[in-house]
Amino acid sequence: MNFQDEMKKVFLRVMEGEVEPADWEKWWKGHESLLEKALNRGDIRRMMPDGWRPCYYCMTKTQSGAAYYFHAQGRPVKASDYYEKKALEEEAQERKDLLNHFRRQTAPERARWEKYLEKHPAEPVVFDWKSLLGTPKGQIPAPVFSYKSARDDVQWKECRRELKLRLKENMQAKIAPLAKAYGFKKAGPKTFVKEKNGLVCFLKFIGYFRGGGYEAMVCYICPIYAISTGILGLPGDVSQGEYFRKMQKDWGVIQYGSSAVDQAEVEKINRKFDDILAYLAVGIFPEWEKIGSLETYFAKERLDYLKAVETGPNDPRTNRYMWDLSRGDKKDPWRAEEYLFGVWELLSGREAEGYRLLSECVEYGADYMKSILKERQDACSDPGDSMAVLYYNARLFAETEKIADPGRRRQAVLEVYDEVCRFMRYYHGLSGRVERKRVM
């Protein structure tokens, strides 16, 4: 048998998924000089690309290269899905090993945070969320469509109408019961909010801007007096961990509304809401429930833990961080962090530090406030203008520094806090429209 025949037989075995990664590497290296003569440069780079290593993910690349080789020879060969399935198993195991190593590295900070929680226990919520999985109770059967993709305005409207019906069914059957069990109230058909001991928990599904389904899901926890900027939210392995990855995958099925929502699509929508439900029920809501007060929100043990886990391990496929919530050396672009901590320092009686942080926030936003108030005097009362709300609140607190008497200054801080929280309940969707009492 000449080498050309041997080579093609090995390639065929690769197409059938019969060559293990280590065996392929050994065979290739043992015949490298012959392969360089038998194959062109493109075939070589497709079968053994840069960075190739003996793993099933790389074997999917090799198999793809072999498929191209046979196709170019005029004899297409069907590829086995063996390497693809093994690559998924391999990746899952690699991710599991990396996350376990990451948890061991961050165990000291996690242990201190868990010890703090033992001293400040929160009443756990008992709710059988798994009973909500699957087909929503009473779901209307999907219609039969004469097309797959919408081609005209009538079909587009039909697809979007059907998509929105399926989103509504799942929202009412899965997300709403879970939110209710955790004490949330509805602030709209797609918005759920909760107030607890000076904190607000917020969940909202954002409508797709082209009139389809849901573009994204926004969820945050913060003090009522603050705006949401991602500061001091949730640990990265909770907010962007495995449940998050599964939820994000194939999100388009509940977003676009450009395909016929037949029974197969309805099943995909149901499963996607199962992923969303699991993400909220296993990670987000229980983690929020642990943070029962402002004291816990700002606890040093929690801050240290969040810092330790803000950057995850490297993804085995992309070699990039699995998540990265850090800003590095960059300052918060709105100085919302200075406002967040500045108010807390004032409430905690540490005035010098509190006023320093608030002054930095006010000074940073001075130009913006000057320009925006020329255009709209009511910008500070508009929930849609978060920057104006932020800087207006910061200035209200900062101005109390002018009061010389300590007792009166403390009383003024508490009055401003009550007034700011009154408006911010409206901002977060916890109450109806509220007008500002003061003007700048």
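Bear in mind that the values here come from a model prediction, so they are computed numbers and not experimental data. Position 1 is the first residue of the sequence; numbering continues from there.
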For the residue pair [X] and [Y], establish whether any side-chain heavy-atom pair is separated by less than 4.5 Å.
X	Y	value
Val309	Tyr305	yes
Glu242	Arg95	yes
Leu203	Phe285	yes
Ile224	Glu195	yes
Ser239	Tyr279	yes
Glu360	Arg335	yes
Tyr83	Val14	yes
Ile221	Ser228	no

Can you tell me how far apart [atom1] ([X]) and [atom2] ([Y]) are? Round to the nearest 0.5 Å.
X	Y	atom1	atom2	value
Cys219	Lys204	SG	NZ	13.5 Å
Leu167	Ile175	CG	CD1	11.0 Å
Glu94	Cys55	CD	SG	7.0 Å
His428	Ile227	NE2	CD1	8.5 Å
Leu357	Leu340	CG	CG	10.0 Å
Leu280	Met217	CG	CE	4.5 Å

Can a side-chain donor-acceptor contact be found between [Y] and [X] if the only test is distance below 3.5 angstrom?
X	Y	result
Gln139	Glu169	yes
Glu267	Gln263	yes
Tyr355	Glu345	no
Arg302	Tyr116	no
Tyr368	Asp385	yes

Identify the two heavy atoms, one from [X] and one from [Y], that lie closest to each other, and give their separation to 0.1 Å.
X	Y	value
Arg166	Ala142	NH2-CA, 3.4 Å
Phe192	Ala179	CD2-CB, 3.7 Å
Glu162	Pro143	OE2-CD, 3.3 Å
Pro316	Leu98	CD-CD1, 3.8 Å
Met322	Asn314	CE-O, 3.8 Å
Ile254	Leu163	CA-CD1, 4.3 Å

Could you go step by step and tell me if Glu20 and Tyr56 meet the side chain to side chain donor-acceptor pair (under 3.5 Å) rule? CA-CA 8 Å; Glu20 292 298 302; Tyr56 289 105; 2.3 Å; yes
Please report whether the ring centroid of [Y] lies less than 6.0 Å from that of [X].
X	Y	value
Tyr214	Tyr208	no
Phe145	Tyr147	yes
Phe397	Trp344	no

Which residue is it: Tyr364, Trp334, Tyr225, Tyr391? I am looking for the one with a ring-ring contact (aromatic ring centres under 6.0 Å, His included) to Tyr339.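 The option that passes is Tyr225.
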Under the criterion ring-ring contact (aromatic ring centres under 6.0 Å, His included), I'd like the reasoning laid out for Phe341 against Phe298: C-alpha separation, chi angles, the key distance, then a yes or no. CA-CA 9 Å; Phe341 283 97; Phe298 286 103; 5.6 Å; yes
I need the single residue from Lys96, Arg53, Arg317 that forms a salt bridge (charged side-chain N to carboxylate O under 4.0 Å, His left out) with Glu90. Which is it?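 Filter result, single survivor: Arg317.
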Is it true that atom CG of Asp153 has more than 12 heavy atoms of other residues, nucleotides or ligands lying nearer than 6.0 Å?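 Not more than 12 within 6.0 Å, no.
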Side-chain donor/acceptor of Trp251 to backbone N/O of Glu215, under 3.5 Å: yes
When you measure from the side chain of Arg409 to the backbone N and O of Ala404, does any donor-acceptor pair fall under 3.5 Å? yes
Go through Asp304 and Lys307 one step at a time and tell me if the salt bridge (Lys or Arg N to Asp or Glu O under 4.0 Å) criterion holds. CA-CA 5 Å; Asp304 290 344; Lys307 182 67 177 177; over 6 Å; no
Report yes or no: is the cationic atom of Arg436 (NZ for Lys, CZ for Arg) closer than 6.0 Å to the six-membered ring centre of Phe423, at no more than 45° off its axis? yes
